[in-house]
Amino acid sequence: MMARRGPLVALHPAAIARGFAWSLIAVVGVLSGCGQSTTSCASGTVQVGDLCVPTGPAACGAGTVWDEATKRCVISSADASASTDTAHTDAGPESDAAATDAGSADTGADPIGECKPNCGKHLCGSDGCGGSCGSCPNGKVCDFEGVCHAPPSCLPTCTSKVCGDDGCGGSCGTCGDAAKPICKDGACLAGCVPSCVGKTCGPDGCGGTCGKACASTDTCSEHGHCVPKAWTCGADSYAAMDGCDCGCGVPDPDCKVGDQLLKGCAADQKCDAGKCVSALPKGWSCPSFFYDDGLLCNCACGGHDPDCDKPTNTVIDCKPGGCDKKAGVCGICKPNCTGKVCGDDGCGGSCGTCKDPKLPGCAAGVCVAKCTPDCAGKACGADGCGGTCGSCQSPLVCGNGTCVAEAGKSCASHCGYQTQGGCWCDAGCKKRGDCCADIGLCMCTPDCKGKTCGPDGCGGLCGGCSDKSKPYCDGGTCTATCKPQCTGKSCGPDGCGGSCGTCGKGQPCNDLGTCVPELWSCAPHLYGTGGQSSTCDCSCGSPDPDCKGVGPTVGCPGSAACATGKAVCDATWCVRQGDCKSPAWCVGAYPTAGNTLRGVCAPPNPAGYAPGHPCGVNAACASGLCVGGTCRIHCMADKDCPSGQACTGFERVQPLTGKPVGVVGVCDTTKTTGKSCAKHAECGQQLCLAYVDPAKLGLVARCGTAHGGAPEGAKCADGAHCQLGLVCAAGVCGRPCVGGQADCPSGQTCKPAVLQHGATAAASDDTVVPTCHAKP
């Protein structure tokens, strides 16, 4: 007797083990050999009640094939044809009678190859013949009883698995074969090699654990390390060999491994016992990025510079051989009067004077009857015969016949920054009154060749005329009469105490007697030098008259020329690394139209520092972009920056003149939450700080902690001196008060201040932000 066929549902073993499961697959099987007497099902089937149900195509009986469309076993076309031919062509009357009797014996049997839909009480799911009993509304799913239910929170999955977790707390089976007792990735294996290299906790990959369990207060990271409860950073960053994470509550074991990138500290800090501390020696007075920059031995900065340990590095700020490299100070000059009774002691002092009237002169340290003054190459100091070669204008002093600044107060190598002696080497220092004596060194190279008096071309003097009979300086020579020198000059001194003319407001007069445009941002002496050997100084805010000549162009990338009649370079610009195809970077920073600074796509400097390294000049960076003492990369939005960094607009100024030249967008390891704010009260323990949006060139206020530069309350000349987020207001670094007077400390008042200067000299296009000022 043929077994009855009807709609059945194929269930996964894991679903049966859980007692109830959601199944969206209905199949019809040919159940030969299965019935109430069945005690075990053949391979490829499972027992449901008293029936053996196929689990897939491999369980279809002989003469049947799996129909993927209807999800059931159907008679193969070849077998169906053979059955038809045999039953209706070859069979005789006796065979027909047998078939009739068979049909009479079981009236419920279906003719082979036919299928009658059967839904019964089913409201959804398969009708057993490839059709449907209905669908479920509103995202509900149909269970194996044909009832619609809300979808389960978890769907077990044991696809390709014979053991292990089904993803919902159940099991896909166990490994009962003693030869293959290990379950790994859903398969039973003969053996497993535990993986615990570099791990102290967590799974070993073979069902066991690595090391001992972590303390109850600790957690085990995905890298297999017990993370202390006091660790405040991400658990997966502890001992992850992803850099030295500092300031995270407890020391990161990665900090003991060499060549690990320091994370969480400022550029001038190091990690000590899990805390960020200053990496600078106590008493260090130079800019932080001078320390251990790998290039120069900064000897007069108040502390030991590691660069001084490398004999090949150039020593600056001290005379040759005069640097105490361990102490970080210039050596003390020791007077030398051996064999001398008169003359210079080598340190600006004297070995004595010649008092004998018969031997009034001093030559080579010996008193002689007749002495020829020796002032060759000297602008000051003794002439060797008891006289002087000239004197220096205060605050310059005489050193080896040249007027120089006192030790520690020279602008040499400190252009744009503060020196050990406390004076500054920028244009703003003139207003503050704290200029170093030789500020002119930052603007040009003094030229006193063939001169004994007059200007050196850089704001200094080549000497003075102390002889009363020749009080005037004419062309570098002291004379008895004076001839005004105004040929080709429209301003400046005439050489005789008079003037060749004056310039308009905001227009300086350069050394050539030419009025320099107000918007000119480069050193005044570079404007319109004239002659075929002069250079076209581009990107200086105003067109340089020298650009009409045949001299070379400076200030532009590569071989780019200066746009005709304009003050910008004729080049194709980029604003982010993504603008350039590898291996090119967006390098350099050049003033362009619209008060912005842009880069160009070019290979990075192979000898330059990587982004994030301290620097002093653009050329020290692989990106050609040194901003705020750190090598940076270009950006226009936060998405252009690495994780943990934000895109911030920095106003760049000409280091020699202090004039703003535009805003550049660079990635900064910002100490902000990224949360916009309208007052300090919204920022908890942080402040509502002011930043420049590099895309819109306007104010953006964010909760954060000011960092880098001069702190709140310190003196400043412009915003470049203040910590990022603060504003230079009335010469003092102050906090923004975008929320009004309530944002200011007691004794201060909220008034506007310039955050970023516009493209013109007029105040109308400046970005202004309310800032706390000290009350007058």
Side-chain angles (χ1 to χ4, degrees), residues 415-416 426-427 430 439-447 455-459 486-493 500-573 587-600 617-619 624 651-664 757-762 765:
C415 291
D426 60 10
K430 295 181 179 179
I439 178 65
L441 287 175
C442 288
M443 298 183 181
C444 63
T445 302
D447 182 11
D456 62 2
C458 295
C486 287
T487 303
K489 298 174 67 176
S490 58
C491 60
C500 293
T502 57
C503 299
K505 183 179 179 181
Q507 292 184 298
C509 181
N510 66 14
D511 297 332
L512 299 176
T514 303
C515 292
V516 179
E518 185 178 3
L519 292 179
W520 182 264
S521 59
C522 297
H525 74 276
L526 297 177
Y527 179 79
T529 55
Q532 291 190 349
S533 61
S534 61
T535 59
C536 167
D537 295 282
C538 201
S539 302
C540 288
S542 293
D544 183 4
D546 293 330
C547 292
K548 297 178 181 179
V550 294
T553 297
V554 297
C556 288
S559 59
C562 196
T564 304
K566 299 181 180 180
V568 297
C569 305
D570 188 4
T572 301
W573 308 111
V587 301
Y590 305 90
T592 62
N595 197 36
T596 57
L597 292 167
R598 299 288 188 257
V600 292
V617 293
N618 288 339
E651 183 172 76
R652 299 295 298 274
V653 298
Q654 254 283 348
L656 306 184
T657 64
K659 286 189 175 183
V661 294
V663 173
V664 58
H757 296 83
T760 69
D765 58 354

Requested in this report: Measure SG to SG for C562 and C547 and state whether it is below 2.5 Å.
Outcome: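 Looking at C547 and C562, their sulfur gamma atoms do not lie closer than 2.5 Å, so the answer is no.
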
Query raised in the report: Is the gap between the SG atoms of C491 and C509 under 2.5 Å?
Result: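 A disulfide is present here, as the SG pair of C491 and C509 is separated by less than 2.5 Å.
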
To the nearest 0.5 angstrom, please state how far the [atom1] atom of [X] sits from the [atom2] atom of [Y].
X: D546; Y: C538; atom1: CG; atom2: SG; value: 12.0 Å
X: D570; Y: T564; atom1: CG; atom2: OG1; value: 8.0 Å
X: D537; Y: C556; atom1: CG; atom2: SG; value: 10.0 Å

Nearest non-hydrogen partners of [X] and [Y], listed with the distance:
X: G528; Y: D544; value: N-OD1, 3.0 Å
X: T572; Y: V600; value: O-CG1, 3.6 Å
X: S539; Y: C569; value: OG-SG, 3.3 Å
X: E518; Y: Q507; value: N-CG, 3.9 Å
X: V664; Y: R652; value: CG1-CG, 3.7 Å
X: V661; Y: S521; value: CG1-OG, 3.4 Å

Query raised in the report: Is a side-chain N or O of S490 found less than 3.5 angstrom from the main chain of G513, in a donor-acceptor match?
Result: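 Side chain of S490 to backbone of G513: a pair is present.
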
**Report entry** Under 3.5 Å: donor-acceptor pair, side chain of E651, backbone of H757
**Finding:**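 Confirmed, E651 side chain pairs with H757 backbone.
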
Query raised in the report: Of C540, P517, C515, P508, which meets side-chain contact (heavy atoms from CB on, under 4.5 Å) against Y527?
Result: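 Only match with Y527 under side-chain contact (heavy atoms from CB on, under 4.5 Å): P517.
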
Requested in this report: Would you please test Y590 and L597 for side chain to side chain contact (heavy atoms under 4.5 Å, CB included) and show each step?
Outcome: CA-CA 5 Å; Y590 305 90; L597 292 167; 5.7 Å; no

